[in-house]
Amino acid sequence: MKPPLKVQRTLRIVVVNTVPDHATDEAALAAQARRNTALRIGLLESGYDIVASLPADVFLPERIAQIQPDMIIIDSESDARDVLEHIVIATRDEPRPIVLFTDDQTPSSMDAAIDAGVSAYIVAGLQAERVKPVLDVALKRFTREQKLMGELSDTRRQLADRKLIERAKGVLMARNKLTEDEAYQRLRTMAMNKKLRLADVAQRILDVEDLLG
C-alpha cells in the first residue's frame, strides 16, 4: 500500500477522458473541449498540472501503472461505470485519490462510484475556480480513509495473531502437560531464540501439529 499523500502543489495528475477519440458528435466534442479547458485552467491556477490525458479503454490500467500518478481525475459527462471498472483494476493494489467530475446524477451511478473508491463525486461542478477546493477535499478524505483502513487492518491482524497464539498454547499445554502460563512462556522463549514474532512461532507449531495429525 502506498503511504498517505501529503497535501501539496506538485501532484502528478492523470485525467481520464471518457469521450472516445473517434467520436463524431460535434456537440459532444465541443462540450468535452470546454470541460477540458476548464479543468486545465483550474489545475494550472492551483499550481497543478496534468502529466497525462488518457482514454477510457482496456489499456487504462496498464498506462496508469506505468505513469504512477498521485491522483486520478475522471471527466465524464454521463455514466462512468465502464471507466470505473478499469480504474478499480488500476488502483486495486495501489490506492489513489480519485475525483469524478460528471453531469450524471443517477443514484446507481453514484453508488457505483462510491463502490469503486471515488474520493469526490462532483455533479455539474467542473468550473475552473472549483478545481482546487475539490482536489483538497479529495486528498484529505483519501488520506483519512487510508489511515482508517490501515488501523482496521492492524486490528484484524492483531486479532488473528492472538487466535494463533491461543491455539498454539493449547497444543503445547496438551502435548507437554503445561499450564497456560508455562505454555506462553515457552512460546516467548522460542520467539526470542529464533528472533521471530510470537504469532510466527505459533503458526509454526500449528503447522507441525497439522503434519503430525
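The first residue in the sequence is number 1, and the count goes up from there.
Of the N and O atoms on the side chains of Asp207 and Gln203, at least one donor lies less than 3.5 Å from an acceptor on the other residue. Side chains of Thr179 and Asp181: no donor on one and acceptor on the other come within 3.5 Å. Neither side chain, Gln146 nor Arg96, offers a donor N or O lying under 3.5 Å from an acceptor on the other.
The minimum heavy-atom distance linking Ala120 with Val134 is given by the pair CB-CG1, 4.3 Å. Shortest non-hydrogen contact noted between Val58 and Pro61 is O-CD, 3.5 Å. Residues Ala116 and Ile98 share a closest heavy-atom pair of O-CD1, 4.4 Å. Of all heavy-atom pairs spanning Leu84 and Ala113, the tightest one is CD1-CA, 3.6 Å. In this structure, Ala52 and Ile67 approach most closely via the heavy-atom pair CB-CD1, 3.6 Å. Here the closest heavy-atom approach between residue Ser109 and residue Asp104 is recorded as OG-OD2, 2.5 Å.
Counting only heavy atoms from C-beta outward, the side chains of Leu139 and Arg144 never approach each other to under 4.5 Å. Lys132 has its side chain within reach of Asp136: a pair of non-hydrogen atoms, C-beta onward, lies under 4.5 Å apart. Residues Met190 and Ile205 meet the side-chain proximity criterion, which asks for heavy atoms closer than 4.5 Å. No side-chain heavy atom of Asp75 sits under 4.5 Å from any side-chain heavy atom of Thr102. Leu187 is listed as a side-chain neighbour of Leu172, based on a closest heavy-atom distance under 4.5 Å. Taking the side chain as every heavy atom from C-beta outward, Leu164 and Leu206 approach each other to under 4.5 Å. Side-chain atoms of Arg130 and Ile122, non-hydrogen and from C-beta on, do get closer than 4.5 Å to each other. The shortest distance between side-chain heavy atoms of Ile73 and Leu100 does not fall below 4.5 Å.
Using a 4.0 Å cut-off between charged side-chain N and carboxylate O, Arg175 and Glu209 make a salt bridge. Electrostatic pairing of Arg141 and Glu145 counts as a salt bridge here, judged by a charged N lying under 4.0 Å from a carboxylate O. Between Glu166 and Lys163 no salt bridge is recorded (no basic side-chain N to carboxylate O distance below 4.0 Å). Look at Asp161 and Arg197 and you find a salt bridge, because one of the NZ, NE, NH1 or NH2 atoms lies within 4.0 Å of a carboxylate O, short of that distance.
Taking a 6.0 Å sphere around CZ of Arg186, one finds it holds 12 or fewer heavy atoms contributed by other residues, nucleotides or ligands. Annotation: Arg157, atom CZ; neighbour count of heavy atoms from other residues, nucleotides and ligands within 6.0 Å is above 12. Annotation: Glu151, atom CD; neighbour count of heavy atoms from other residues, nucleotides and ligands within 6.0 Å is above 12.
Both Leu198 and Val171 sit in one connected hydrophobic cluster of ILVMFWY residues. Membership requires side-chain heavy atoms under 4.5 Å apart, directly or through other members. Taking hydrophobic clusters as Ile, Leu, Val, Met, Phe, Trp and Tyr residues chained together by side-chain heavy-atom distances below 4.5 Å, Val137 does not share a cluster with Phe142. Both Val123 and Ile74 belong to a common hydrophobic cluster when Ile, Leu, Val, Met, Phe, Trp and Tyr are linked at side-chain heavy-atom distances under 4.5 angstrom. Connection of Val88 to Leu54 is not established within any shared hydrophobic cluster, with ILVMFWY side chains joined at heavy-atom distances below 4.5 Å, either directly or through further cluster members.
Asn193 contributes a side-chain N or O that, together with a main-chain N or O of Thr189, makes up a donor-acceptor pair within less than 3.5 Å. With hydrogens and angles ignored, the 3.5 Å screen pairs no side-chain donor or acceptor of Ser153 with any backbone N or O of Met149.
We find the CD-CG distance between Glu85 and Leu60 to be 12.0 Å, quoted to the nearest 0.5 Å. Note: Ile72 CD1 to Ile87 CD1 = 4.5 Å, rounded to the nearest 0.5 Å.
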Item to check | Test side-chain contact (heavy atoms from CB on, under 4.5 Å) applied to Arg40 and Val15, step by step | outcome: CA-CA 10 Å; Arg40 285 183 177 277; Val15 174; over 6 Å; no
Next on the checklist: Does Leu39 form a side-chain contact (heavy atoms from CB on, under 4.5 Å) with Phe101? I'd like the steps, not just the answer.
Outcome noted: CA-CA 10 Å; Leu39 181 56; Phe101 289 100; 4.3 Å; yes
